[in-house]
Q: 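Take this structure, written in structure tokens, and hold onto it; I'll ask about it next.
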Amino acid sequence: MPYLDDLNPAQRAAVLALDGPVLMLAGAGTGKTKALTSRIVHLLATGKARPNEILAVTFTNKAAREMKERVARMLGQSVEGMPWMGTFHSISVKILRRHAELAGLKSNFTILDTDDQLRLLKQLIVAAGIDEKRWPARMLAGVIDSWKNRAWTPAKVPSSEASAYNNRGTELYEQYQERLRTLNACDFGDLLLHVVTLFQAHPDILAQYQRWLRYILVDEYQDTNVAQYLWLRLLAQGHRNICCVGDDDQSIYGWRGAEVGNILRFEKDFPGAEVVRLEQNYRSTEHILAAASGVIAANAGRLGKTLWTEAQGGEKVRLIGHWDGEEEARWIGDEIEALQRGTRGGQPVGLNDQAILVRASHQMRAFEDRFLTIGLPYRVIGGPRFYERLEIRDAMAYFRLAVSPDDDLAFERVVNTPKRGLGDKAQQDIQRTARVSGMSLLEGARELLAAGGIGGKGAGQLRAFVAGVDRWHAKTLQQGHSHIELAEQILEESGYTAMWQADKTPEAPGRLENLKELVKALEQFENLQGFLEHVALIMENETEDAVEKVSIMTLHAAKGLEFPAVFLPGWEDGLFPSQRSMDESGLKGLEEERRLAYVGITRAEHLCTISFAANRRVYGQWQSQLPSRFIDELPVAHVDVLTPPGLYGGAYGAAAPGGFGGGSRIEDRATKADVYNSPGWRRLQERSSQRPVSQPRESRSPVIDLAAVSSFTEGDRVFHQKFGYGSVAAIEGDKLDIAFDKAGVKKIVARFVVAAHEADDVPF
DNA sequence: CAGGCTGGCTTTTTT
DNA sequence: AGCCAGCCTG
């Protein structure tokens, strides 16, 4: 078994314990995925299970894909034969399609995304005569989601929740479920919920799956919610061969229903469970690990793990304070360039190997602005995703309508997009006609037209729209017709493409580009149906870039990733830990924030730089900030303080041995006199005075595109990917001051913009 | 029906 | 400060 030789003792123990319940506590960077995949390979190699008898569950498609690839690589063959490897949701859909009728659905039910869900709820809210302003649909969606996360059907919502959504929550939840059933649709929460209720109501079906799925593996167990927990427990009750992998210290999704409790009480749920701890870290230096451990140690109720590494030395975690957020961004930009060139000492660090991890996405802006100015390539991870974009959702609605003409939500979305002269009045008439006759909106429209119930110009256009849907639908039923051509035809004939071609806003060219990409994505599918099914569950858009870029993302988005150099800006109380988190969830919230800090630090392999600013604009108001309480928890021995003494912040650095602060209570930091007289603070001062704050660097930008510099003159019209159209107001070397039509004046490096006329003819 | 104005909100996000 | 939704006006 060559794959076993590759493992350390703990990993091997986790792989060899095939039977019975196993909890694999895998710290950051301890080779968790390796152990997990080896375990699957071992199950197959020992003949304990056949490929279709292993249930391997992850949260994200990305994790599922990664697992598939790694197992395939280790086996030297594809994993086509492992149908039960996927996300909770994709596996649930598979189960639910088979038994849809038992959940009151047809097996071709559609899966609604958040947007559809919200529009539906809005309708119910209006119908119930509730002021949507005071009681927003988002709130109701949140309430219903949290109930579904707890596996509560409308009947099971406890009376203690009766006050939810102005006392109308339960009632609306019931109506919503009713509506979904009529539409033959599910939201994401339903996928899990229906499977759980199905298993509970039909022991025979459950037993069948229990018999089938002899071995169960679960990744990121600390992120499971109650519904997922029940889902797993029901399935695992058969053979009790369940292996859950997770790290309680990395549980950061409590706010969306994840229960750390699930992992904490695993041993109670599964008596006799074997617990294996993976603690040898292969990712980070000892200083980085020590810093992370120092912070997380402040959390109570941990299962407890101590990461260690054989790696010696390395750089300490760096800590620096700045005057404000802009200076912080400037300094980090300089540091990144210095690392890239290798002028900071040590090997050059490529931009792909550097990341900035922020608490909240609005923090990204300062960095984007700065990087645009200095021409530092960056990529933002986790922005709006491809399939969530307006134009993609519109196009998808057209496709849905072609496939199922009775899809009312799709009908509503596009009946007047592009504008067909069908305003509120016309649409309400259609709705009413449909409701009265108990038909779909499309049929309602048809009937209304026949009855002459639609006025003047709208009538002709609606007739054309209905005829279009009929035509497209007929084509989806024909064999041998190219679905790609059909898609193009739909976008063309509906006037949707033309709508964007006529649009002169800066986003229009990009949207046309996206539509082209959408059509291209169809190539990988047999037909439109297959494509729609895929998109409902797999909302992702991973683009591999040829150009090296720094990554900017939230701490949440960074989980599971690693980078040689990591910057953690904005470590200020209120921002990180987030005030809102503490207000809403108290100590629990604070502890989750602390785990977020732990996740952040442990992303770093070699260099981790934490920073904070003394002043920051919050909602447009300048505020003076205190350094994060987490900074007090960093062990002094593993941190280099780069901040000039007495300058900014200044509140960190009390005398307690081993840490910067004596505690995390605000009162502690208020006694500044003590702090400044303390040995700890003097030590900090001595250390930081030995080094310049940041070495002066020769001025920046390795690559200057001379062609770009010379090709603009003042007054030129230009186009920028993010800011749209504008005119050149001033030129300074390779930098342009551009007055954007929408975004105001910005300083931008010339190679980031194109002449406006070039942007105009993006072909479609 | 467009376009402009005002008022309210503002953490994290996968499926 | 900036974004969005809803409202009013032309």
Side-chain angles (χ1 to χ4, degrees), chain A residues 57-64 86-93 111-118 122 131-134 136-139 141-142 145 148-149 186-193 220 223-225 227-228 251-258 325 357-366 369 381-385 387-388 416-426 457-458 505 534-540 553-560 570 574-585 589 592-593 595-597 599-600 616-623 742-744:
Chain A
V57 207
T58 62
F59 274 83
T60 64
N61 291 298
K62 198 175 154 207
T87 63
F88 275 104
H89 291 85
S90 68
I91 293 170
S92 296
V93 170
I111 300 162
L112 302 189
D113 59 33
T114 327
D115 211 73
D116 292 326
Q117 187 188 7
L118 235 42
K122 228 172 249 183
D131 179 8
E132 210 242 307
K133 237 175 166 160
R134 282 195 60 198
R138 306 196 59 94
M139 184 193 277
D145 256 3
K148 288 186 176 176
N149 284 341
C186 275
D187 64 19
F188 287 121
D190 280 340
L191 298 176
L192 278 301
L193 180 64
E220 308 279 16
D223 289 338
T224 48
N225 60 35
Q228 287 156 339
S251 160
I252 55 176
Y253 286 108
W255 52 274
R256 64 173 200 217
L357 312 182
V358 298
R359 174 63 183 87
S361 47
H362 63 79
Q363 291 173 261
M364 294 180 181
R365 223 197 123 139
D369 281 353
I381 302 209
R385 277 155 302 175
Y387 290 110
E388 279 171 10
N416 200 32
T417 314
K419 298 275 177 273
R420 296 194 174 89
L422 302 163
D424 278 353
K425 168 87 169 59
K457 44 193 166 188
T505 57
H534 166 89
V535 171
L537 282 177
I538 302 169
M539 295 275 223
E540 61 187 298
M553 67 189 96
T554 62
L555 288 160
H556 285 91
K559 191 161 82 150
L575 183 58
F576 188 44
S578 139
Q579 192 57 51
R580 184 151 166 188
S581 191
M582 294 186 291
D583 290 347
E584 284 175 8
S585 315
E592 184 154 313
E593 295 285 308
R595 292 193 289 268
L596 216 35
V599 167
R616 199 175 286 276
R617 261 231 266 263
V618 182
Y619 303 136
Q621 298 291 116
W622 279 103
Q623 276 192 6
K742 296 263 162 70

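Naming convention: chains lettered A, B, ... in sequence-line order (proteins, then strands); numbering from 1 in each chain. Computation of the quantities below employed the complete heavy-atom set of this structure, encompassing side-chain atoms and omitting hydrogens, waters and symmetry-equivalent molecules.
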Q: Can you check the A:Ile252 CD1 to B:dT14 P distance for me, whole Å?
A: 11 Å
Q: Have a look at A:Tyr619 and say if it touches a base, only the backbone sugar-phosphate, or nothing, with a 4.0 Å heavy-atom cut-off.
A: base
Q: What closest approach, in Å, do A:Lys148 and A:Asp187 show between heavy atoms, and which atom pair accounts for it?
A: NZ-OD2, 2.7 Å
Q: Atom CD of A:Gln621 to atom P of B:dC9: distance rounded to whole Å?
A: 17 Å
Q: Taking all non-hydrogen atoms of both residues into account, name the closest pair between A:Asn416 and A:Gly421 and its distance.
A: OD1-N, 3.5 Å
Q: Which part of the nucleic acid, if any, lies within contact of A:Thr114, taking any heavy atom under 4.0 Å across all strands shown: a base, the sugar-phosphate backbone alone, or nothing?
A: base
Q: Want to settle it: does A:His89 or A:Glu592 sit nearer the 5' end of DNA chain B, counting the closest nucleotide to each?
A: A:Glu592
Q: Over how many whole Å does the gap from A:Met364 atom CE to B:dT12 atom P extend?
A: 8 Å
Q: Between P on B:dT15 and CG on A:Asp190, what's the gap in Å once rounded to a whole number?
A: 18 Å
Q: I want to verify a distance call: between B:dT15, B:dT14, B:dT12, whose nearest atom is closest to the A:His556 side chain?
A: B:dT12
Q: Round to a whole Å and report the spacing from CG of A:Leu596 to P of B:dT12.
A: 11 Å
Q: List the steps and the verdict of side chain to side chain donor-acceptor pair (under 3.5 Å) for A:Asp113 and A:Gln117.
A: CA-CA 6 Å; A:Asp113 59 33; A:Gln117 187 188 7; over 6 Å; no
Q: From the options B:dT12, B:dT15, B:dT14, select the nucleotide whose nearest atom is closest to the side chain of A:Ala360.
A: B:dT12
Q: Search all heavy atoms of A:Gly257 against all heavy atoms of A:Asn149 and return the closest pair with its distance.
A: CA-ND2, 4.1 Å
Q: Could you check whether A:Asp145 gets within reach of a base, just the sugar-phosphate, or nothing at all, counting any heavy atom under 4.0 Å?
A: nothing
Q: Starting from C1' on B:dT14, measure out to OH on A:Tyr253 and report it in whole angstrom.
A: 7 Å
Q: Using a 4.0 Å heavy-atom cut-off, does A:Gly189 contact any base of the nucleic acid, only the sugar-phosphate backbone, or nothing at all?
A: nothing
Q: Among B:dT15, C:dA1, B:dA2, which nucleotide has an atom closest to any side-chain atom of A:Lys419?
A: B:dA2
Q: Using the closest heavy atom to pick a nucleotide of DNA chain B for each, name whichever of A:Leu422 or A:Glu584 lands nearer the 5' end.
A: A:Leu422
Q: Out of B:dC1, B:dT15, B:dT12, which nucleotide sits closest to the side chain of A:Thr554?
A: B:dT12
Q: Kindly assign one of parallel, tilted or perpendicular to the pair A:Phe188 and A:His89, based on the angle between their ring planes and the thresholds 30° and 60°.
A: perpendicular
Q: Side-chain contact test, heavy atoms from C-beta onward, threshold under 4.5 Å: evaluate it for A:Arg365 versus A:Val358 and give yes or no.
A: no
Q: With a 4.0 Å limit, can you tell me whether A:Asn225 has a side-chain N or O closer than that to the phosphate oxygens OP1/OP2 of B:dT14?
A: no
Q: Could you give the CG-to-C1' distance, from A:Leu357 to B:dT12, as a whole number of Å?
A: 13 Å
Q: Is A:Trp255 stacked on the base of B:dT12, with ring centres under 5.5 Å apart and planes under 30° apart?
A: yes
Q: Does the protein touch nucleotides 2-10 of chain C at the base, only the backbone, or not at all? Give it as B, S and - per nucleotide, heavy atoms under 4.0 Å.
A: S---S----
Q: Hey, is the side chain of A:Asn61 poking within less than 4.0 Å of OP1 or OP2 on B:dT15, counting only N and O atoms?
A: yes
Q: For residues A:His556 and A:Leu596, report the shortest heavy-atom separation together with the two atoms involved.
A: CE1-CD2, 3.6 Å
Q: Taking all non-hydrogen atoms of both residues, which atom of A:Ile252 and which atom of A:Asp223 are closest, and how far apart?
A: N-OD1, 4.1 Å
Q: Rounded to the nearest angstrom, tell me the gap between atom NZ in A:Lys559 and atom P in B:dT12.
A: 17 Å
